[in-house]
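Right, one structure below, let's go through it.
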Amino acid sequence: MGHVISQEGVTIDINKIEAMHKWSLPRNLRELRGFLGLTGYYRRFVKGYNNIVLPLTERLKKDSFVSGKAATLDFEKLKKAMTTVPLLALPDFSQTFMAETDAFGYGLGVVLM
């Protein structure tokens, strides 16, 4: 398996990302459910996932599955969002770091740049 990053205990598998990239346009509800199931597992890695997937989940309602230009655009938008997720990487320790901090009454915030 090609696991790359971890966020909150979830690991991205490069093979799954590749499967999303190669997934063809769903022709029926079963295929759409399959794709949404695959993308749903990785939703926490995609900013605005719920807004991106909403038009496709609306197509899951009874008698709402319609293929066409709008459906194709919605599918391609989700596919692009899922396959271009920014990856986290280990810092390059040969570089200089700057830490920006902010302390307040009940916590501390830090950004490493």
Side-chain angles (χ1 to χ4, degrees):
M1 288 195 164
H3 296 286
V4 173
I5 68 172
S6 180
Q7 178 180 331
E8 300 173 15
V10 176
T11 306
I12 288 182
D13 181 346
I14 293 298
N15 297 325
K16 299 283 189 209
I17 299 298
E18 186 64 26
M20 286 183 226
H21 184 69
K22 290 181 178 179
W23 202 288
S24 59
L25 183 66
R27 296 169 299 188
N28 54 47
L29 280 175
R30 185 175 159 265
E31 291 177 8
L32 178 57
R33 280 190 194 104
F35 184 70
L36 293 178
L38 178 60
T39 64
Y41 183 78
Y42 293 104
R43 69 188 173 277
R44 67 182 65 197
F45 292 99
V46 178
K47 185 176 181 177
Y49 175 83
N50 290 337
N51 293 331
I52 297 168
V53 78
L54 182 64
L56 293 171
T57 56
E58 288 292 318
R59 297 181 195 299
L60 294 174
K61 293 179 180 176
K62 185 176 176 155
D63 299 325
S64 294
F65 184 83
V66 179
S67 59
K69 187 175 182 176
T72 301
L73 291 174
D74 294 337
F75 173 74
E76 292 299 329
K77 183 177 179 181
L78 177 59
K79 195 159 95 165
K80 181 177 181 181
M82 298 305 298
T83 57
T84 58
V85 175
L87 299 179
L88 302 176
L90 292 174
D92 179 356
F93 291 104
S94 68
Q95 300 291 319
T96 303
F97 295 100
M98 181 171 42
E100 205 170 285
T101 62
D102 187 16
F104 39 97
Y106 55 90
L108 174 71
V110 179
V111 176
L112 183 63
M113 299 182 281

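Predicted model only: the values in this text are computed from it and were never measured.
When all heavy atoms of Leu25 and Ala71 are compared, the closest pair comes out as CD1-O, 4.4 Å. In terms of heavy atoms, Val46 sits closest to Ala81 at CG2-O, 3.7 Å. Of all heavy-atom pairs spanning Pro55 and Asp74, the tightest one is CB-OD2, 3.2 Å.
Met20 CE to Leu38 CG: the interatomic distance, rounded to the nearest 0.5 Å, is 4.0 Å. For the atom pair CG of Leu78 and CG of Asn51, the computed distance is 12.0 Å after rounding to the nearest 0.5 Å. His21 NE2 to Met82 CE: the interatomic distance, rounded to the nearest 0.5 Å, is 14.0 Å.
You'll find the side chain of Leu54 reaches within 4.5 Å of the side chain of Thr57, heavy atoms only.
Residues Leu73 and Tyr49 are members of separate hydrophobic clusters, defined by side-chain heavy-atom contacts under 4.5 angstrom among Ile, Leu, Val, Met, Phe, Trp and Tyr.
For Lys47, there are no salt bridge (charged side-chain N to carboxylate O under 4.0 Å, His left out) partners at least two apart in sequence or on another chain. The salt bridge (charged side-chain N to carboxylate O under 4.0 Å, His left out) test applied to Lys69 returns no partner, not counting sequence neighbours.
Counting only distance, with no hydrogens or angles, the side chain of Lys79 and the backbone of Trp23 share a donor-acceptor pair below 3.5 Å.
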Scan the side chains in residues 29-37 for donor-acceptor partners under 3.5 Å anywhere in the protein, sequence neighbours excluded, and list what turns up.
from	atom 1	to	atom 2	distance (Å)
Glu31	OE1	Arg27	N	2.8
Glu31	OE1	Arg27	NE	3.4
Glu31	OE2	Arg27	NE	3.3
Glu31	OE2	Arg27	NH2	2.6

